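Accompanying notes for the structure given below.
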Amino acid sequence: MSTDFAVFHNRRQRLLETMTAAGGGIAIVPTAREMTRNRDTHFPFRADSYFYYLTGFTEPDAVLLLIAGETPRSVLFCREKNLEREIWEGFRYGPEAACTHFGVDEAWPIDEFDGRLAPLLADQPAIFFTLGHDSAWDRRVVDALNRVREQVRTGIAAPASITDLHRLIDEMRLIKDSHEVATMRRAAAISGEAHRQAMRTARPGQHEYMVEAELLHQFRRAGAQSPAYPSIVASGANACVLHYVSNDCVMRDGDLLLIDAGCELDGYASDITRSFPVNGRFSGPQRDVYQLVLDAQSAAIAATRPGAAWNAPHDAAVAVLAQGMIDLGLLSGSLDGVLESAAYTRFYMHRTGHWLGLDVHDAGDYKLAGAWRPLREGMTLTVEPGCYIRPADDVPEALWNIGVRIEDDALVTAAGCELLSADTPKTIDDIEALMRGA
Ligand code: GLY
Ligand code: MN
Ligand code: MN
């Protein structure tokens with residue numbers, strides 16, 4: 001086994017132990033399916049996050065089986081070597097090399113999967129599989145189960161239950177190991193440099209997509225495989241559209257530019273937002289709103305520490321934002337009243353973060369038994385307050401169309417949290433200095 005792949009082996013062992021503790025059985029973990037874009041063209045293939053987490057294997061047409069029991073084992077099914085196809089599509093490991101390289105106990109051609117699955121299910125107490133994720137896979141697993149059930153008169157016992165596998169893996173994925181943290185740190189560093197390059201190059205008169213091109217250029221030249229999600233490059237009023245992705249407007253002198261963009265590196269997402277003036281100088285009203293969001297983010301970061309409830313950073317950000325909205329004349333009444341009525345949601349309508357990892361909105365429950373779960377060392381999450389002000393008669397005109405979000409990627413540490421994206425400028429002085437070329 002390649003040393004890099006020991007980490008995946010260890011995860012499989014841990015999952016097998018969890019399965020054994022839950023009574024034993026067999027886990028079925030398919031990778032993603034290739035998706036047609038049009039006619040002979042496919043969308044870029046990306047492995048299923050759960051499958052990748054347990055294997056590190058990135059070819060399509062693959063399935064992992066984990067069999068808990070006295071001799072726990074992992075079995076990979078993958079494409080066979082095929083010179084003809086490899087001439088057109090590139091290298092494939094084939095079962096023999098995949099077995100050695102990825103450190104599984106057995107590997108077989110994917111074409112043998114259905115034939116081998118039913119005998120392996122015989123006499124297993126349970127199947128660990130996530131139903132409802134892919135209907136074709138649901139059918140395949142149920143068909144195999146039924147083939148075992150048809151044999152019960154021969155004395156074979158069919159698995160008695162199907163247990164949700166993703167929930168078991170989600171709990172593992174929530175706490176990042178050192179391999180994951182190292183990858184996420186590099187992903188955040190690449191994205192941070194892309195944001196700095198955007199600040200250095202954005203100019204009034206350019207289209208937003210020119211900035212998007214700079215981001216993509218930085219991601220790829222640093223080795224990231226793709227953006228982790230469609231980049232948002234939103235100038236002026238577009239910044240108040242939360243999922244703006246057309247990125248096709250001209251950036252004007254005096255606009256703020258909100259960029260929410262992060263690369264995916266070796267499967268792991270980064271997710272960074274910065275908001276800055278296209279002309280390099282914050283106007284007075286832009287400065288006021290920006291500083292408010294930055295203060296809200298500082299409060300949220302201070303509340304991101306082990307033992308704090310998941311919602312504590314959000315509550316901290318909202319308290320600062322709500323007071324600021326009153327001070328800016330966006331809302332009236334007392335702070336308690338604004339918090340109680342949730343009037344602030346008119347200008348801050350999303351939450352302050354989400355888990356981050358293989359998926360940009362990563363796996364894992366936010367509540368346990370109805371209560372916000374406590375943060376723990378090794379969790380990774382975003383901290384991303386914002387303020388979005390659409391024109392309205394009761395809103396001071398100087399603030400119209402200002403949209404600001406500031407988003408960093410945090411790792412919960414023993415002492416509090418570390419921002420993986422800390423190198424991306426965000427104080428007003430640092431941003432203006434970078435844009436001046438200072
Ligand atoms: N870029 C997606 C998000 O911030 O949640
Ligand atoms: Mn985010
Ligand atoms: Mn984001």
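Every number for a ligand or one of its atoms is a count from 1 in the order of the listing. From a predicted model like this one, the values you see are computed outputs, not experimental measurements. All values below were derived from every heavy atom in this structure, side-chain atoms included, with hydrogens, water molecules and symmetry-related copies excluded.
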Test of ring centre spacing under 6.0 Å for Trp137 and Phe113:
yes
Report yes or no: does a heavy atom of Val360 sit under 4.0 Å from some atom of ligand 1?
no
In terms of heavy-atom contacts, does CE of Met35 have more than 12 from other residues, nucleotides or ligands at under 6.0 Å?
no
N/O/S atom of His354 under 2.8 Å from the Mn ion (ligand 2), yes or no?
yes
Distance under 4.0 Å to a non-hydrogen atom of His354: what atoms of ligand 1 satisfy this?
3 (C), 4 (O), 5 (O)
Roughly how far, to the nearest 0.5 Å, is OG1 of Thr413 from CZ of Arg305?
11.5 Å
Under 6.0 Å between ring centres, would you say that holds for Phe347 and Tyr388?
no
What protein heavy atom sits nearest atom 5 (O) of ligand 1, and how far away is it?
His361 NE2, 2.7 Å
Hey, can you tell me if His350 and Tyr348 have their rings parallel, tilted or perpendicular (30° and 60° cut-offs)?
perpendicular
For ligand 1, which atoms, with element, lie under 4.0 Å from some heavy atom of Glu407?
4 (O)
Close to the Mn ion (ligand 3), meaning under 2.8 Å, how many protein N, O or S atoms are there?
4
Candidate pair Ile127 and Thr163, rule side-chain contact (heavy atoms from CB on, under 4.5 Å), full reasoning
CA-CA 6 Å; Ile127 298 174; Thr163 301; over 6 Å; no
Among all protein heavy atoms, pick out the one at the shortest distance from atom 3 (C) of ligand 1; state its residue, atom name and that distance to 0.1 Å.
Asp271 OD2, 3.3 Å
Geometric cation-pi criterion Arg373 and Tyr366, 6.0 Å radius, 45° cone:
no
Is the closest heavy atom of Arg405 to ligand 1 under 4.0 Å?
no
Proximity of Phe5 and Phe8 rings by center, below 6.0 Å
yes
So which of Val75, Leu66, Ile67 actually passes side-chain contact (heavy atoms from CB on, under 4.5 Å) with Ile26?
Ile67
